[in-house]
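In what follows, a structure is listed as structure tokens, so that the remarks can point back to it.
Throughout, a chain's letter reflects where its sequence line sits, starting with A, and its residues are numbered from 1.
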Amino acid sequence: MSQVEELKQNLKTQLQQAILSAGLAGEEEIPEIVIETPKDKDHGDFATNAAMQLARIAKKAPRAIAEDIAEHINYEEAAVEKLDIAGPGFINFFMKKDYLLDVVKTVLTQKENFGRSDYGKGTKVQVEFVSANPTGTLHLGHARGAAVGDSLSNILDKAGYQVEREYYINDAGNQIDNLTLSLEARYLQELDEDAVMPEDGYQGADIIGFAKEIVSAYGDRFKDADQEKRRAFFREYGLKRETDKLKDDLADFRVNFDNWFSESSLYEEDKIQPVLDELKQRRNTYEEDGATWFRSTEYGDDKDRVLIKNDGTYTYLTPDISYHKDKFNRGFDELINVWGADHHGYIPRMEAAIQALGYQKDQLTVQIIQMVNLFENGEKVKMSKRTGNAVTMRELMEEVGIDATRYFFAMRAPETHLDFDLTLAKSESNENPVFYVQYAHARICSMLRQADEKGYTIDADADLSILKSEKDHALMKKVGEYPEAIVDAARRHAPHRVTNYVYDLAQTLHSFYNAEKVLTEDESLTKARLALIEAVRITLQNALETVGVNAPERM
RNA sequence: GACCCUGUAGCUCAGCAGGAUAGAGCAGCCGCCUCCUAAGCGGCAGGUCGAAGGUUCGAAUCCUUUCAGGGUCGCCA
């Protein structure tokens, strides 16, 4: 538990005792005490609405209750400097400042581990994200999914979960036959043969590129080869190259998976039929119109779903159910699937499936990623200027840079529609929030370099009690809030809580910088302020790392 | 027709397990570099929180209805 949490917890306990000893409520009646951090600093470090909550129980006016609590609370034990009763009955607490000094020491000691907590208690959670078909190039929406999935994984990890990132490769459906046939056609075309692309063939330039590779490596060896063998080769080749490309694109975007799970491995390892049998045994299936159906309506879906089509093949759902069963078999307590908004209609049937298999609905969370619209100079960008096709993730990375791209995607709530402002993301100016935050880090580094030249070292045991200005305290307080920001982001699957936090911290640092000097004639003051800004630097770096953004030393 | 997401300042968005005069950035206006990076800081102005009901001591936040924008409704994946 972080200092700030401990402090709040202790304050809660002391409040409960004060309420009891003032006879305002019995032990059974005390409501859950909520300690909040007021937005307005005139309202103290912390505030509680306990007096208002107690009004009905104690049958007294909230302000009178607040007076009673104020008389009975142990200031020393609660670490309260002074308190005010305000508004309709809020109690505002101004805390003793010692805890703030401890915050700085903690950061300097824990360094990159500052912000870690045991909130998740080691729960094993798997985050599955991107999982785009290996048949083409990653686009805007995938980029957002990648940024959110990776940031969320980092956040959960810091919040004390055991996290595994997984990519589900859809390498078994019709789309792979299509890929095979497309590649075969492109290959033959490269050899000036008369070959037509399949009706829904993949027109992407990547496939033409692969065909050229095959020609230069193998020549026309496959031209007259046995069709079955030839297609097996193209299938494998196409899949391998598409998957490698996905991995490269994602790695360059600073997204790395622990596991790439192949859909076809479910077939190879015979993991599908047993799950069908299990559903059948549990009477969750029935036969109709020559097909096998899953009775998903039993679990809240609005219609039943086909598992085996009347041509004897599986629908997409069938191996997917087996896949989710396999995830649980691998020991995960919770599953998080990050899906594009176009898949939201699929959620009820997946939830139905895991319940039919005996798991709890809340063991699966589907985090929907809403659509992204690109804007440049106020105009909606429909297509890439370079290719005339949809804008790819790689183009975005190259055009606006990885830091800005990652930050912009992390910056907004995942389930909201996103307007991505290319002009803003590319601008190297104060308008751009990424630069604003990175600048705070670079500014600190600059001061630290100069301190180093003057022979100063960072001293975790520096006497911080001489830091008494409002800006000093505001900065320490903001640093202390970081662990809570991470927990909050983890709890709500909300990476944007981290970008909001880091922006606030940068703002507090810039404000501090303009009001107070770090490198001064006063040696002990200088040492104390150096310790403080180093703590801020570490916190900025840790926070940026969770959203995949670099913390530069110079700008 | 059903379902999902979103309607908060001119623009882009926070805030939503109810709480104090609704916040930030950008854009606009006014100030601040003999001083550790002005990619910065301080200030001013700007909002019937889509609308209407309801619950509550208290609603941007919860409930109902309704309007608007986007998305999805396959024995495709």
Syn or anti: how is B:C33 classified when any glycosidic angle within 90° of 0 counts as syn?
syn
Short side-chain N/O contact to [N] OP1/OP2 from [X], under 4.0 Å:
| X | N | answer |
| --- | --- | --- |
| A:Thr499 | B:C13 | no |
| A:Ser511 | B:G42 | yes |
| A:Gln507 | B:G40 | no |
| A:Lys60 | B:C57 | no |
| A:Tyr346 | B:G74 | no |
| A:Asn174 | B:C76 | no |
| A:Arg443 | B:A38 | yes |
| A:Lys303 | B:A2 | no |

Please work out if [X] contacts a base, only the sugar-phosphate, or nothing of the nucleic acid, heavy-atom cut-off 4.0 Å.
| X | answer |
| --- | --- |
| A:Asp289 | base |
| A:Glu516 | base |
| A:Tyr513 | base |
| A:Met555 | base |
| A:Ser446 | base |
| A:His510 | sugar-phosphate |

Please give, in whole Å, the distance from B:C76 C1' to A:Leu179 CG?
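Spelled out: CG on A:Leu179 to C1' on B:C76 is 17 Å.
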Atom CD of A:Glu415 and atom P of B:C13 are separated, to the nearest Å, by 13 Å
Sugar-phosphate atoms are those with a prime plus P, OP1 and OP2; base atoms are the rest. Using that split, label each nucleotide of nucleotides 15-23 of chain B B, S or - for protein heavy atoms under 4.0 Å, 5' to 3'.
SSB-BBB--
Who does [N] pair with, Watson-Crick or G-U, both distances under 3.5 Å?
| N | result |
| --- | --- |
| B:G31 | B:C41 |
| B:A68 | B:U6 |
| B:G25 | B:C11 |
| B:G46 | none |

Is it true that the NZ or CZ of A:Arg443 lies under 6.0 Å from the centre of A:Tyr513's six-membered ring and within 45 degrees of the ring axis?
yes
Run the ring-centre check on [X] versus [Y] and record whether the distance is less than 6.0 Å.
| X | Y | result |
| --- | --- | --- |
| A:Phe261 | A:Tyr323 | yes |
| A:Phe94 | A:Phe46 | no |
| A:Phe129 | A:Tyr167 | no |

Does any N or O donor sit under 3.5 Å from an N or O acceptor when you compare the side chain of A:His417 with the base of B:G71?
no
Are A:Asp206 and A:Arg241 within salt-bridge range, i.e. N to O under 4.0 Å?
no
Is there a side-chain contact between A:Tyr501 and A:Glu481, using heavy atoms and a 4.5 Å cut-off?
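Result yes, sub-4.5 Å side-chain heavy-atom pair found.
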Please check if the side chain of A:Asp304 supplies one atom and the backbone of A:Ser296 the other of a donor-acceptor pair under 3.5 Å.
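Here the side-chain-to-backbone pair exists.
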